[in-house]
Structure formats: C-alpha cells, structure tokens
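Reviewing the structure listed below.
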Amino acid sequence: MFEQIAEALKPFEPVLGSVRELLAPLAPIHAFMSQRIYGPLNYYMLTIIVLQLLSFLFPTLFDYRPKVIASHILMKDEKAIKDVRAILEKDPTQFAALAEKHSVCPSAKNGGRLGAFARGQMVKEFEAFCFDEAMPVGQVSPVIKTQFGYHLIWVHSKPGVKKTA
C-alpha cells in the first residue's frame with residue numbers, strides 16, 4: 001500500500017522531490033497501522049491521505065475563503081494623492097499608469113495590482129473598503145488612510161458583487 005501512495009503522488013514529484021524519500025520515514029508506521037488498526041488501506045483512504053498531505057505541504061492549495069482582486073496606489077502625501085484622484089475621476093483608465101508613476105508600494109511595477117487576497121491579509125481600513133458589499137467594483141475609491149499612508153483602491157472583483165458599468 002505504501003507503493004500506492006508513492007504512485008499517487010508521482011505527478012507531484014517535480015515539486016516534492018523524490019516521493020519515496022519523502023514517505024520513507026512513514027513506511028513502518030503505515031505497516032503497523034494497516035495490520036493493527038484500520039486494515040488494508042483502500043483507495044478512498046488513500047485519496048484522503050494524499051489530500052491531507054497536499055494541504056499540509058501547500059496550505060493555500062485548498063483555501064476557499066472569498067477573495068477580492070484589487071489594485072492600489074499608495075502615497076505618503078495626502079495632497080498629492082488627492083491630485084492623483086482628481087486625474088482618475090476624469091480618466092479612470094489611467095489607474096495602472098499612475099500607480100507605476102506615483103505609488104511607493106512595490107506593487108507599483110505591476111500597475112498597483114495586488115492580486116487576490118482574503119480577509120485578514122490586509123490592514124483593517126484597506127480590508128474594510130475592499131470587502132464592503134456596498135462599495136462598487138470597477139471604480140476608484142475615496143482616499144483611504146492606513147498606517148502605511150494614503151491609498152486609492154480599484155477593486156476588480158469581489159465575491160457576490162457585479163461590476164458597475
């Protein structure tokens with residue numbers, strides 16, 4: 001049965017290294033448990049073990065929490081960010097270019113794009129705006145102050161909210 005586990009994990013070998021080496025310390029435990037505790041391992045149990053092993057090795061693989069996809073512009077000066085917001089009110093398509101030019105966040109090189117994040121991954125004020133269902137998707141936020149400075153946020157998508165026209 002140990003061979004079946006190793007065979008089931010074979011597609012992940014480039015990521016995990018040698019599966020046999022990874023599972024070798026478990027062989028005596030498996031032999032004892034299969035004889036004494038739960039009988040021969042069936043494919044259902046094998047699937048459960050493989051999924052648990054994968055979720056242990058790659059914790060974000062099975063993360064199904066609702067996520068928001070957003071970009072932002074971070075600046076230290078409140079007046080300067082209000083000037084940038086005034087530009088964006090006239091032409092919101094300039095968000096990425098203005099983020100690259102003005103943002104002090106490392107995400108600036110990607111047009112301010114932060115990617116997907118779940119609750120608990122951003123500072124409180126930032127997260128409150130992003131996950132607020134009343135806040136629109138596809139529009140520039142008001143200026144939001146956090147411990148890092150002043151933000152303009154563009155939420156690309158969030159669970160249960162349709163993009164505004």
Side chains of Met75 and His151, heavy atoms from C-beta outward: is any pair under 4.5 Å? no
Please table the atom pairs, donor to acceptor, closer than 3.5 Å between any side-chain atom in residues 107-115 and protein atoms at least two apart or in another chain.
{"unit_1": "Ser107", "atom_1": "OG", "unit_2": "His72", "atom_2": "NE2", "d": "3.4"}
{"unit_1": "Arg113", "atom_1": "NH1", "unit_2": "His156", "atom_2": "NE2", "d": "3.1"}

How long is the gap from NZ on Lys101 to CD1 on Ile87, to the nearest 0.5 Å? 7.5 Å
In this structure, NZ of Lys82 is separated from CG of Asp77 (nearest 0.5 Å) by 10.0 Å
Answer with yes or no whether the hydrophobic clustering places Val137 together with Ile153; edges join I, L, V, M, F, W, Y residues whose side-chain heavy atoms lie under 4.5 Å apart. yes
How long is the straight-line distance from CD1 of Ile144 back to CD of Glu125, given to the nearest 0.5 Å? 9.0 Å
Check the angle between the aromatic planes of Phe131 and Phe117 and answer parallel, tilted or perpendicular using the 30° and 60° thresholds. perpendicular
Donor-acceptor pair, Lys158 side chain versus Cys130 backbone, under 3.5 Å? yes
Tell me whether Val104 shares a hydrophobic cluster with Val123, the cluster being built from Ile, Leu, Val, Met, Phe, Trp, Tyr side chains joined at under 4.5 Å. yes
Check for a donor-acceptor pair, side chain of Gln121 on one end and backbone N or O of Ala118 on the other, with a separation under 3.5 Å. yes
Any side-chain heavy-atom pair from Val155 and Phe129 closer than 4.5 angstrom? yes
Say you draw a straight line from CD1 of Ile81 to CG of Leu152; how long is it, rounded to the nearest 0.5 Å? 4.0 Å
How long is the gap from CZ on Arg85 to NZ on Lys90, to the nearest 0.5 Å? 12.5 Å
Kindly check if the number of other-residue, nucleotide or ligand heavy atoms within 6.0 Å of NZ (Lys145) is above 12? yes
Could you pull out the closest heavy-atom pair between Leu74 and Phe148, with the gap in Å? CD1-O, 3.7 Å
If you round to the nearest 0.5 Å, how far is CZ of Phe95 from OG of Ser71? 6.0 Å
Looking at Met122 and Glu127, what are the two nearest heavy atoms and their distance? O-OE1, 3.7 Å
